[in-house]
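Values in this document were obtained by computation on a predicted structure and should not be read as measured data. These numbers come from the heavy atoms of this one structure, side chains and all, not from hydrogens, waters or symmetry mates.
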Amino acid sequence: MTTMDPSTTPLGQMLLDEISPVIMLLSTPAVEDSSLKNNLSFLQILSPFSSFNNIDVPVRTASDQPYRIHKFKLRLFYASDVRNPDLKVAKERLKRVITEAGEKVFTELTSDAPEIDQHKKLDSSEYINTPSWFQFVNKELVRVASFSDHEAFDHPVACLLAVSSKDEKPVNRFVDLLNSNNLPSLLNDGAMDPKILKLYLLVHDNQDGSVERASRILTEMRSAFGTSNCLLLCINSSSDAPIKHEENPWASYISDASPSQDHGCLLNIDDINEIKDLMQNLSSKHIIPNMEQKIRVLNQQVSATRKGFRNQIKNLWWRKGKEDGADSPNGPMYNYNSTESQIRVLGDYAFMLRDYELALSNYRLISTDYKIDKAWKRYAGVQEMMGLTYFMSDQSRKEAEYCMEHAFNTYLKLGSLGQQNATRCGLWWIEMLKARDQYKEAASVYFRICGEDILHSAVMLEQASYCYLLSKPSMLRKYGFHLVLSGEQYKKCDQVKHAIRTYRSALSVFKGTTWSYIGDHVHFHIGQWYASLGMYDVAVKHMMEILACSHQSKSTQELFLGDFLQIVEKAGQTFEVTKLQLPVINISSLKVIFEDYRTFGSPSSANTSEGLWRSLEEEMIQSFSAAKTNWLELQSKLVSRKHSQSNVCVAGEAVKVNIEFKNPLQISIPISGVRLICKHSTITDEGSLDENKSSLEDDNSVDHFKDMNSDNSSFLVSDVDFLLGGGETTLVQLSVTPRVEGTLEILGVRWKLSGTIVGFHKFEFSLPKNIVKARRKGKRSPNDKFKFMVIKSIPKLQASINLLPGKAYAGDLRQLVLELKNPSEFPVKNLKMKVSDPRFLIIGNQGDMKSEFPACLTKKTDSSVQTDAQANNSILSDTVFLFPEGTSVQGETPFLWPLWFRAAVPGEISLYLSIYYEMEDISSVIKYRTLRLHYNVQVLPSLDVSFQISPSRLRIQEFLVRLDVVNKTSSECFQVYQLSSIGQNWKVSLLQPPDTIFPSQSLMAGQAVSCFFTLKKSNTLSTFEDNISTMSVTSDVRLVPQSSEDLVYNVNSAPLVNFHHYERLQQELSHEVDLNTIDFVLISRPLKSNNNLGFSDPPHVMSHHASHSSTASTGPISWLLDGPQTLHHDFSESFCEIDLKMHLYNSSIATVFVRIDTSDPVGISGQTNSFDAVQSATPDNQAGWHDVSTVNELKVTTSNALETQPGKALSLEGVSPYIWSGSGSTNLHIEPLSSAEIPLQICMFSPGTYDLSNYTLSWNLPSKVPGDSNETKQSSGKCQGYKYYLTVLQSA
């Protein structure tokens, strides 16, 4: 560990300057006149040469061992200045110094372009760039407490009398100067020994004559005052032009000097050397020896009177009882010849001559006396000197700090009487702590010496902040906090520039932190203070930092924004700033929409993903691309390599940019003049690019934004005005429309806030991701996303779909019209169209335009069915619709084409259409274009339809169909008009008349209805080949009373057959041919419409489709046991034989092996006559119908009649009442779609009612059925017999 030399520390240097021998100067006016020729007083001429860094003078004080002094300094004061400084004058001087320092530092701070954030190395303890004027202020605060009567180091040790050689009777002038009227009050009041060393200096001005007169006067002086004490100094030896000294030694001693003044202009090098010699001789031959002599004399006196055990006891006895006396602020008075004063003089003289041990011993000796005498100011002064002595002698740090703290607290107890001394003591104590790297403790002392004076407090708080900065580790929060406190104090005493400086320094701490509230406070006040100085540009920059203060309260936000706008208004100019924080621009939401070969019919189509459009258009564009060169390849050949990767847009067509603006505040803000900032370059005849007055030379400059869009004939930009409410986010679409060919680049966006300040935001090109364009191969620069190659105008189709509702009920069927327009003078040809989902939208025939809807959907003649179906098959086979050959669209005459729309399912459905068209050889870059259309339709629930099919118990191949309909709307009333079945020769018919099903002929809102139909198989076809080769046949049932005006809707013609086809595809479970399925189409019509639901046009016809309803059970075999139900027989004669028949049908497309096994009752009788037994014989799953479902989708269920439960029979004693006669097992093969019949016989032995279901039917399919791709289908099964009740009665 290195040893610190206390004399080299800032405190050591300060003590060398402030605790050194004082020379009192008395001069005549003639001496001052000669000095003023150099623009200096006589004291100022001597002062620079009174400090010696290499004097090397031997010193011997009280001890016999001498030591040498190498550094020494004399302090020169006029006799009139040897007094306590006027406190008021001192404060005014301090205020002036601080104000001037503020002006100087503020000028340096704002000399360059203002930077809001000052980047400083805050984490380094070597950062010592504290304001330089701190040292000067601290010295002034120390000097305020100088020339006190309780301290001797400020008392003059010598008096220098200066008389000019041109004064009359110079010797007498020396005597006159020693008159008591010229002496300070300290000498006249007895506080200081008047018997001090007197030195007589004769000053000769060489411009007033030769030195001979001065020599004669010097001889007279020596004879009068003694040889050793008389001195001669010659000045102003320069007889030529005034001398300009390169190094001005007087600069630091003159605070109010003008830079234009030449100091020492008549003093040549000989004069300066003579002054140096004079001051050095004065120190080494007079001052130091005189102080040595006085120290030795005083030490002998003190030793004789106070040192030793006897003298100490005597002193304590003499002072006994004084500690019981009352406290006095000033304590007892001590004159210069008192023992206490002499001991203090001895200690201070020893301190000034570096004999710290002697000084410390005397300070200790007198400290007790002052404490007993309750002379608290003198006691504090001695404690203060003891602490400094400990420091300079590099002794106990603990003792030094204890003495300084004790002295400081004692001064504070004296109140205003000791305030200046407390400040001086605190400053010395602080420097002592700094020298030992105790910056944190030093900061706390700064805080304690703040005092009541606001300016003084501000300076101390600022110095405390730097102590926290220099502490290890740096305490940045306390640094910034104390800077803010200091700035507040500076502002209170109108030191605005100092307040700005401290607040700006605090910004370096709060930048990048989460301390948003204090950051807002700092920026807000800096902006206000800059505005008060008229520096509105800097004020606006700081105020802009707090505009987006979303964390503040609403009242604070109003205050910030109001003051900001007021400052801008006072400035009287329009400010243009980059990245204005209000409103907030969400760059991630940035989306560029442009049209090259892809055009958009609506904003929603532009917002659709490119992948969806690409998959929709792939088949349309593929044919063109295979025959002709790709437009991207053409582009790369026709444009320069520099612009080959640019996007392509067309002159006269807008390029749009979607930008999201957010208001982070709770108050509304008006935004106006929002527009894009663009740059356009035209192509000259030679093919080179000619930039249009708007090149971007400096990315960090705002100048390239100014007037870029005004009076620009190359492109047109849109302006948008809007009001952003509190916390509101709005998406704004801006556009730029190029007018001529060339290149277009979008640079950013500009807007005006509250009509006063213009904000700019340059787009960060790496951020936008959602750009409506196809991805291209190869790497591209992010900047290319906003660069466009503008080609000349080409045709662009405009399209709309007329009569398309925004809201519709599920099942709504409508005829729409596609209207195409081409405003260009050039025609378009080879039109194609494709729809995303034909389940909702299909393309009609041109003849549909002439038909009336909905009459065109009804049946005309039987022959038309076949024709329509064949025509529709051709439509369904094409995925891309080709408009008739020769179709051309040109001019204002619209081209119309019919479309059919059906709201298939409830919910939000999206319709996507793409229209492809080609152009003449207008452009070498784009040969074809596509028009993309997107529409959203909200579909509401209407009728919930479900079907259930159950086999009949009376006839084979006959089924019972149950239809359940629920009106799911809240206000609509529908008419269930028609039910049609579509299947392989199935025919549906009513079981009851329509009036019985729907008495009111309508289905009210929320109403549910169930009705039953029979479903029979037609016998017109008999072979398997006939069945699978025949198209579906429809069967229609009207559910309304017969009327001549009501027609049957043809579900086997367009567009119903088309929509049904896509419904089958949507609901299809497998692709195999299943002849046991049947489809249902329910036609309904609305009776009234509630316009409150937002329907622009009520529906006319509604269709509900149910597909793949199966008539087959869990197996391919259906059967029926046929025989008598009741008969009479005389069992007294013989048993009863009954013949039965079992009819079987194979509904599959493969040969099925069937086996029937009968079983007799074993120990259980099948006879029962009780009501309960008969009731239990009814199968549970055949009783009643299921509850009406509330699900929105269609449902079809088939009763599993094969899975029955055997009936319960009453037990009877004896033999079985019946047996199966004949074979117990029968095997047979049934061909596909064929029937079979087998005989059965049963023998009854007693009368009763019997359940003949005690048989099983087993079936087995081949391992691989031809044409069957369903691997999970069941290949075999076993079923329990149907319940068949036979009643045998005893005949009479």
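Not counting sequence neighbours, Ser754 has no partner by the side-chain hydrogen bond (donor to acceptor under 3.5 Å, both in side chains) test. Evaluation of the salt bridge (charged side-chain N to carboxylate O under 4.0 Å, His left out) rule for Lys656 yields no partner, not counting sequence neighbours. Under the ring-ring contact (aromatic ring centres under 6.0 Å, His included) criterion, Trp751 pairs with no residue, sequence neighbours left out. The ring-ring contact (aromatic ring centres under 6.0 Å, His included) test applied to Phe840 returns no partner, not counting sequence neighbours. By the ring-ring contact (aromatic ring centres under 6.0 Å, His included) test, Phe1059 is found to be paired with no residue, residues two or more places apart in sequence or in another chain being considered. Remark: Glu819 pairs with Asn802 by the side-chain hydrogen bond (donor to acceptor under 3.5 Å, both in side chains) rule, at least two apart or across chains. Among residues two or more places apart in sequence or in another chain, the side-chain hydrogen bond (donor to acceptor under 3.5 Å, both in side chains) test is passed with Glu660 by Asn586. In this structure, Thr737 has no side-chain hydrogen bond (donor to acceptor under 3.5 Å, both in side chains) partners at least two apart in sequence or on a different chain. Take Thr599 and apply the side chain to side chain contact (heavy atoms under 4.5 Å, CB included) test, not counting sequence neighbours, and it matches Glu595, Lys796, Tyr917, Arg929, Leu931. Residues satisfying the ring-ring contact (aromatic ring centres under 6.0 Å, His included) criterion with Phe826, sequence neighbours excluded, are absent altogether. With sequence neighbours left out, the side chain to side chain contact (heavy atoms under 4.5 Å, CB included) criterion links Ser604 to Ser602, His934.
Between Asp719 and the options Lys752, Arg750, Arg675, a salt bridge (charged side-chain N to carboxylate O under 4.0 Å, His left out) holds for only Arg675.
Side-chain atoms of Asn663 and Glu728 form no donor-acceptor pair, as typed in the model, at a separation below 3.5 Å. Under 3.5 Å, the side chains of Thr743 and His680 contain no donor-acceptor pair of N or O atoms. For the residue pair Ser718 / Ser735, a side-chain donor-acceptor distance below 3.5 Å is found, with atom types taken as modelled.
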Please set out all donor-acceptor pairs under 3.5 angstrom arising from side-chain atoms of residues 898-911, sequence neighbours excluded.
from   : atom 1 : to      : atom 2 : distance (Å)
Trp900 : NE1    : Asp848  : OD2    : 3.1
Arg902 : NE     : Ser1103 : O      : 3.4
Arg902 : NE     : Ser1103 : OG     : 2.9
Arg902 : NH1    : Glu1063 : OE2    : 3.0
Arg902 : NH2    : Ser1103 : O      : 2.9
Ser910 : OG     : Asn936  : OD1    : 2.8

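Looking at heavy atoms from C-beta onward, Val749 lies in side-chain contact with Ile659 at the 4.5 angstrom threshold. Taking 4.5 Å as the limit, every side-chain heavy atom of Leu590 sits out of range of all side-chain heavy atoms of Asn658.
Ring orientation note: the planes of His1100 and Phe853 are nearly perpendicular, at an angle over 60° on the 30°/60° scale. Taking the six-membered ring for Trp and thresholds of 30 and 60 degrees, Phe881 and Phe883 have ring planes more than 60 degrees apart, a perpendicular arrangement.
Aromatic pair Phe661/Phe722: ring centres closer than 6.0 Å.
Using a cutoff of 4.0 Å between basic side-chain nitrogens and carboxylate oxygens, Lys829 and Glu918 are not scored as salt-bridged.
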